[in-house]
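Below you'll find the structure, written out as structure tokens, and then a few comments.
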Number of protein chains: 4
Amino acid sequence: MARKEVPSLVKDEKLIEKRRGEMVKAAVNLFKENGFHRTTTREIAKASGFSIGTLYEYIRSKEDILYLVCDSIYEGVREKLNEQIGTTEGSVDHVKKAIAVYFNVVDEMQDEVLVMYQEAKSLSREALPYVLKRELEMTAIFEELIRQTVEQGELDLNEEEVRLLAHNILVHGQMWTFRRWSLRKEYSLEEYTNMQTQLLLYGVKNKSLI
Amino acid sequence: MARKEVPSLVKDEKLIEKRRGEMVKAAVNLFKENGFHRTTTREIAKASGFSIGTLYEYIRSKEDILYLVCDSIYEGVREKLNEQIGTTEGSVDHVKKAIAVYFNVVDEMQDEVLVMYQEAKSLSREALPYVLKRELEMTAIFEELIRQTVEQGELDLNEEEVRLLAHNILVHGQMWTFRRWSLRKEYSLEEYTNMQTQLLLYGVKNKSLI
Amino acid sequence: MARKEVPSLVKDEKLIEKRRGEMVKAAVNLFKENGFHRTTTREIAKASGFSIGTLYEYIRSKEDILYLVCDSIYEGVREKLNEQIGTTEGSVDHVKKAIAVYFNVVDEMQDEVLVMYQEAKSLSREALPYVLKRELEMTAIFEELIRQTVEQGELDLNEEEVRLLAHNILVHGQMWTFRRWSLRKEYSLEEYTNMQTQLLLYGVKNKSLI
Amino acid sequence: MARKEVPSLVKDEKLIEKRRGEMVKAAVNLFKENGFHRTTTREIAKASGFSIGTLYEYIRSKEDILYLVCDSIYEGVREKLNEQIGTTEGSVDHVKKAIAVYFNVVDEMQDEVLVMYQEAKSLSREALPYVLKRELEMTAIFEELIRQTVEQGELDLNEEEVRLLAHNILVHGQMWTFRRWSLRKEYSLEEYTNMQTQLLLYGVKNKSLI
DNA sequence: AATGAATGAGCGTTCATTCAT
DNA sequence: CATGAATGAACGCTCATTCAT
């Protein structure tokens, strides 16, 4: 199960790529504003600069657009992540760096990320697994990094904790977009990143431990 | 800004309360299954046991129902929380207890919680603040508890960290519903609660600290 | 398998009957003119004096209208036939009478009959059998009449021939509508009836028999 | 009024003939399966092995294809008929032979015949007469044959009866395709041919005559 | 002569909402 | 207070046809 094939009536693969890119871009903006259900296919066509007929030359259904949007956003996030993280032996510093990079990417693409997490539920039972797969792939990046750091002896976590920590990192990134109505008022991205990194890795300074 | 007033054509306040309760109950079940947009007012009326005409005697628009649903779910969570947490001086044990209680409540009402977080975005700009307010109230419960624990000297956090920790607790509860497709496979609620409590309060056992 | 149930959102059975009657009437006229596929649901709604929304309160799909149209036409033909033929012991005179009555009915309802035979093929595989059943019921009326006449000893036919003759009568009736572009130019209904009756029952005066 | 001229953007007459032949062949198969209205021009182009653009180089509109299809089917039936009947002086045996041949041809081309009679009504008022003309030409073949047989003194029919009998023969052939859902269950082609020939020419053995 | 991307009018259908009873 | 028939704007989608290449 790699990526879902979305059939098109147009034959030129290059053109498909290009046109779909334009459509996805327009769709993201509209979904951002009004959500998937409140956005009409005509609006998407118009905002992409195509007729409704042309839109349907490149997709089969409105839901295809949502899938392409989700897929494209994941791809965007992943790409930026890979660019900036690179592969190294694991270390706590590297994990911290990765968290910062990830939070940065999420911040840059906050609208897209928000759209994806809020609308993905509208995907059909057929398409959903492909998107969840992508989410797991992203989690896996952090899992691997943490696992290596554990292997290097810099962190002390069992396998289950590794996975949960990776989950938590992902979620805190998403929350920066989900709850921005609240978080943005209180923290800058840098503050949020520093504080969450601190809490994620060291927890609360806790006198009861003593 | 307390609760939003939803006007009704019916005068009898008792009746309004009762009927709306029935409508909300039916609506939650339908939203759970099909989401807000895919649920029709006719379906809600039918599932509530009323005619479509009667439905509109008690609300003005479909969105009113969504508002009432969100409000009612928050109320449900809050009620259960208050019942089981009570007010005490703060202590780390008390915080742990509260986390466990909260995660439990979220687990019991997982469908409702999911509905609320996924559909609230469909509320109009007018209604949304009322719901976000509710979210802040819930955060405040944990903030207060943590703040007291800090005051008791059992935790060492500044005000910003108090708020972020409260926020994180909330988020990890929601995450149990949001990401259940993945988490449920790996952990039981108890495991999840224990591990998250551990990570939230003590962070990762971290040799680099030494 | 009696008649196909066509669900309606409206509860009042009397009203359903009435409204559907109006819709069918309007639809027949439009189908006559433009055929089923070229007629839009909006045209049918308008010609019935309803909004498009009201139309869909009484039917589920455009095809339902076609089914109701076919059903209603068969019912019309059958009713008129039963009214005028009555049940008697079979006799050649009675058969002749029945043919004349049937041809008359077909002539009166020629537009409807034409519509039915030309458009029934557009019914779904699910609905078609119900309509074919109706056709067989009509054939059965003539079969029975002929069979009785054979039993009375006035005609000499085996069972297969009885059925084929009944079938031929039906077909010659339909032919009066199908090929009216040609037949009408040459014969009046009375002439057509007389000549076909003659040919059906006595065949060609045939010297080679001698 | 011979055959309708269908303009083409292509000059090469040979090529037009060839390409249209391929298009018609593909179209017949598709119309058979789904009817004229449910078949798209794209499907026809694809099934013919051409692009949609090329299709429109050889016809002006979808309806042109229907006309060509009908014309081609008539031509096919006529050709087969001429091949096998030949021209002779009329005789009852010859008429019987012609009926058998015609029923055979109709049986062989039953799908095509069905398509033609069911879809011809979708032709525009402009094209329809050309197709009806073809039908009359076919009737004329039988009229002539019967007329000759009358002249030979083997049958006793006036001119009107000649024409009606020819009509009836045509119609009974068509009915073998139209009503095959019923007839095929009861009779083989041979039985049907024999019985109809019997009834057409000799009518019912009728004791009331005596 | 051949291609196929582009077009947009028009289709069948839905559903939140109203209002006469 | 309760009902449910009526409404029509708006939706997702199709497909015959055109025309630049």
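Chain naming here is simple, since letters A, B, ... match the order of the sequence lines and numbering starts at 1 in each. Predicted, not measured: the structure shown is a model, and the values here were computed from it.
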[X] [atom1] to [N] [atom2]: how many Å, rounded?
{"X": "C:Phe36", "N": "E:dG12", "atom1": "CZ", "atom2": "P", "value": "8 Å"}
{"X": "A:Lys62", "N": "E:dT14", "atom1": "NZ", "atom2": "P", "value": "16 Å"}
{"X": "A:Glu43", "N": "F:dA10", "atom1": "CD", "atom2": "C1'", "value": "11 Å"}
{"X": "A:Ile65", "N": "F:dC13", "atom1": "CD1", "atom2": "C1'", "value": "11 Å"}
{"X": "D:Ile16", "N": "E:dA2", "atom1": "CD1", "atom2": "P", "value": "11 Å"}
{"X": "A:Lys14", "N": "E:dA5", "atom1": "NZ", "atom2": "C1'", "value": "17 Å"}
{"X": "B:His37", "N": "E:dA16", "atom1": "NE2", "atom2": "C1'", "value": "12 Å"}
{"X": "D:Glu63", "N": "F:dT17", "atom1": "CD", "atom2": "C1'", "value": "15 Å"}

A:Ser48 and A:Glu22: side-chain donor and acceptor closer than 3.5 Å? no
Looking for any heavy atom pair under 4.0 Å, which part of the strands does C:Thr39 touch: base, sugar-phosphate only, or nothing? sugar-phosphate
Considering only [options], which nucleotide approaches the side chain of [X] most closely?
{"X": "D:Val10", "options": "E:dA1, F:dA16, F:dA10", "value": "E:dA1"}
{"X": "B:Ser51", "options": "F:dG4, F:dT7, F:dC13", "value": "F:dG4"}
{"X": "C:Asp12", "options": "F:dA5, E:dT7, E:dA16", "value": "F:dA5"}
{"X": "A:Arg42", "options": "E:dG12, F:dG12, E:dA16", "value": "F:dG12"}
{"X": "D:Lys11", "options": "F:dT7, F:dT17, E:dA1", "value": "E:dA1"}
{"X": "B:Ser61", "options": "F:dC1, E:dT17, E:dG12", "value": "E:dT17"}

Look at [X] and [N] and indicate whether a side-chain polar atom (N or O) is within less than 4.0 Å of OP1 or OP2.
{"X": "C:Thr41", "N": "E:dG12", "answer": "yes"}
{"X": "A:Thr54", "N": "E:dT7", "answer": "yes"}
{"X": "A:Arg19", "N": "E:dA6", "answer": "yes"}
{"X": "A:Tyr56", "N": "F:dT14", "answer": "no"}
{"X": "B:Tyr58", "N": "F:dC1", "answer": "no"}

Counting heavy atoms not belonging to B:Lys46, are there more than 12 under 6.0 Å from its NZ? no
Mark yes when over 12 heavy atoms from residues, nucleotides or ligands other than C:Lys25 sit less than 6.0 Å from its NZ; otherwise mark no. no
So, is the end of the A:Lys62 side chain (NZ or CZ) under 6.0 Å from the ring centre of A:Phe36 and within 45° of the ring's axis? yes
Indicate the ring-plane relationship of A:Tyr67 and A:Tyr130, choosing parallel, tilted or perpendicular according to the 30° and 60° boundaries. perpendicular
Passing option when A:Ser8 is tested against A:Arg20, A:Arg60, A:Glu57 for side chain to side chain contact (heavy atoms under 4.5 Å, CB included): A:Arg20
Start at the 5' end of DNA chain F and walk down; is the nucleotide closest to A:Glu57 or to C:Leu9 reached first? C:Leu9
Find which nucleotide of DNA chain F each of C:Leu55 and B:Ile52 is nearest to by heavy atoms, and output the residue with the more 5' nucleotide. B:Ile52
If you find the nucleotide of DNA chain E closest to D:Phe50 and the one closest to C:Arg38, which residue's nucleotide is nearer the 5' end? D:Phe50
The residue, C:Ile59 or A:Gly53, whose nearest nucleotide of DNA chain E is more 5′ is A:Gly53
Applying the Watson-Crick and G-U wobble criteria at under 3.5 Å, what pairs with E:dT21? Answer none if nothing qualifies. F:dA2
Strictly by Watson-Crick or wobble contacts shorter than 3.5 Å, is anything paired with F:dC15, and which nucleotide is it? E:dG8
